[in-house]
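Encoded as C-alpha cells, the structure appears first; notes follow it.
This structure is a prediction, so every number in the text was calculated from the model and none was measured. So you know, we letter chains A, B, ... as the sequences are listed, proteins then strands, and number each from 1. Heavy atoms only: backbone and side chains are in, while hydrogens, waters and symmetry mates are out.
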There are 2 protein chains.
Amino acid sequence: MSKQAEFAVILKMNPMFADLGADQLQRLSSLCHTQQLSSGEVLFQKGDAGDALFGVRRGQIRIETGAPDGSRLTLNFMGPGDLFGEVAVLDGQDRTADATAGEASELFVLRREDFLTFLEREPKVAVRLIELLCQRIRWQSERMEESVLQPLPVRLARRLCALAEDFGSEVHISQEQLGVFVGAARESVNRQLQTWRKDGILDLQRGRILLHNMPKLTAVARND
Amino acid sequence: MSKQAEFAVILKMNPMFADLGADQLQRLSSLCHTQQLSSGEVLFQKGDAGDALFGVRRGQIRIETGAPDGSRLTLNFMGPGDLFGEVAVLDGQDRTADATAGEASELFVLRREDFLTFLEREPKVAVRLIELLCQRIRWQSERMEESVLQPLPVRLARRLCALAEDFGSEVHISQEQLGVFVGAARESVNRQLQTWRKDGILDLQRGRILLHNMPKLTAVARND
DNA sequence: GAACTTATGTGACGCACGACACACTCCCAT
DNA sequence: ATGGGAGTGTGTCGTGCGTCACATAAGTTC
C-alpha cells in the first residue's frame, strides 16, 4: 500500500474525516509528508504554533504536560492509526501540551497551510467539515457534563477502558497519573482499584495494572 | 436603521461572527427574514429539524425542556440582541430543546439552506468559521471541566450573573429551576441564597431574586 | 548493601452536598 | 372561603471523596 493510501485509511478512521468522499480523501492525503522521530525526541512543546496535523504510522507518541512543580504528567498516548492535532491544524492556536516520542516513530504530517488551501478550493468539504465540528461541539457539551457528574468508579472504569485500547490488558501507568486523568485523589484511586482487585477484575503492580475482566469493567463504565 | 443593518449588528455581537468583514457581514445579513410570534407561541420543539438561526429583535424567547415527569424546566432566556441556534443551523441536527415566546416577539431568521449556499460561495468565510468553531471547541473543553469542578457557590454566582444580563437586577426564576441550571439540589441552592441574603448581597421573593450587590457576586463568581 | 527516592496501601477525619421530612406561605380555582 | 398546589425555609442524616498522616515495598545510586 502506498504511503498516501495508508494515510487515507487513518484519516478515514477518524470521525472528523470519516464521511469524506473517496476522491476528496485521496486529494487530502496526497498533501501529507512523513516525519521520523527517534525515541525520546520532542515533536512539539506547549506554546508552539499549532501548524500541523499528525497521524501515527508506527511507534508511540506521548502527550504530556509539565506540572508547575516540575514533574511531568502524561495525558494521553497515541499509537499507530491515531490522529492528533486535528483542532490545532484548523484554528492555528498554540499547542496546549507537549508531545514526545515514547519510542522510535514515524508520523504522517499534514501542514496547516496545505490543509487550508485545500479547503478553500473545496468549499463543499469545508461546509462538511463545519457540520462535523458542530457535531463535535454538541457531543462535547453532552458528554462533558455527564461524565464529570459520574461517581469516581465510573470515571475510573472509563479511563481504564480507554487506556486498554492503547496498551492491551497490561496498562502501564502510575496510580498518581490515573488520578490526574479522572480528576481524583491518588488515595481514592488506590482504594477503588483495591476493591476491584479483591473482585478479581484486575491486578496491581508497581506502575502497572493488569486487566483480567474487561467485560465487568465496561459494565461499570456504562453505569447500568 | 434598516432591518438588515440591525441584524448585522446582532451578528457582529456574537463571537462566532464578530470577526467577519463588513462586506461579508452585509451579504450574510441580507439573507435574513423576520418572524413575528405572539406571547406563548411555540417557535420550535425538541426533535424538529435545526433548519435556521434566530436573532431576537424584540421580546423574549424561553429555551425549555420537558422533564420526563411532564414538568417544564427553563434552560435559558434569549432577549433582544441574543442569537441562538448557531450550531443547529450549521450541522442541521435536530433541536435538543423547545423554544417558546415568553412575550410577543420579533425574530430575525437565517435559514440553513441560505447560509450553506453563502458559505460555499465564500470559502474564505467558511475557513474562518472553521477556525471559530475550533476555538469554541477549545474553549468548551477548558471551561466545562473547570466549571463543574467549582463548588456550588461559585457556580451559582456565575449563573446569577448570567441571568442578570437578561433580567437586570430583578431575576425572575424559581430556586428549583436555578438548581437545574447549576446542577444542584433545590435545598442547597436555597441555603446558599439565604447566606447571601444575610450578607445583604440579595433579597428573595417568591419566584424572584433581587440582586443588590453585583460586585460582590461577581467576586464570588471569579472565585478569587 | 545502605541511603534515597518513588509508588503503593490504609486508617482517621472532615466537609460539601444530596436525600428525606416537614412546616409555612402565597396564589389560584371551585 | 377553603382546599390544593406551587414555591420556599430548615433540620437531620448519610455518604463520597479529599486531606493528612504514616507504613511498607520496590527501584535506584553510590
With heavy atoms under 4.0 Å as the rule, sort [X] into base, sugar-phosphate or nothing.
X: Q194(B); result: sugar-phosphate
X: G183(B); result: sugar-phosphate
X: Q192(B); result: nothing

Do Q177(B) and S174(B) have a side chain donor and acceptor closer than 3.5 Å?
no
Regarding Q194(A) and R191(A), do their side chains bring together a donor and an acceptor under 3.5 Å, going by distance alone?
no
Without decimals, in angstroms, what is the distance between [X] [atom1] and [N] [atom2]?
X: L152(B); N: dG16(D); atom1: CG; atom2: P; value: 19 Å
X: N190(A); N: dT24(D); atom1: CG; atom2: P; value: 16 Å
X: E176(B); N: dG9(D); atom1: CD; atom2: P; value: 13 Å
X: H172(A); N: dG27(D); atom1: NE2; atom2: P; value: 11 Å
X: R206(A); N: dT28(D); atom1: CZ; atom2: C1'; value: 10 Å
X: L156(A); N: dC17(D); atom1: CG; atom2: P; value: 10 Å
X: D203(B); N: dT8(D); atom1: CG; atom2: P; value: 14 Å
X: L204(B); N: dC26(C); atom1: CG; atom2: C1'; value: 15 Å

For the side chain of [X], starting at C-beta, report the closest nucleotide among [options].
X: A184(B); options: dC20(D), dG18(D), dG18(C); value: dG18(C)
X: R191(B); options: dG27(D), dG11(D), dA21(C); value: dG11(D)
X: E187(B); options: dA21(C), dA7(C), dC17(C); value: dA21(C)
X: R186(B); options: dA21(C), dG27(D), dC26(C); value: dA21(C)

State whether Q175(B) places a side-chain N or O below 4.0 Å from either non-bridging phosphate oxygen (OP1 or OP2) of dG7(D).
no
Contact under 4.0 Å: S188(B) side-chain N or O vs dG18(C) OP1/OP2:
yes
F44(B) six-ring face occupied by R95(B) cation (under 6.0 Å, within 45°):
yes
Do R112(B) and E131(A) sit within salt-bridge range, that is, some charged N less than 4.0 Å from a carboxylate O?
yes
Salt-bridged, E176(A) to R186(A), with N to O below 4.0 Å?
no
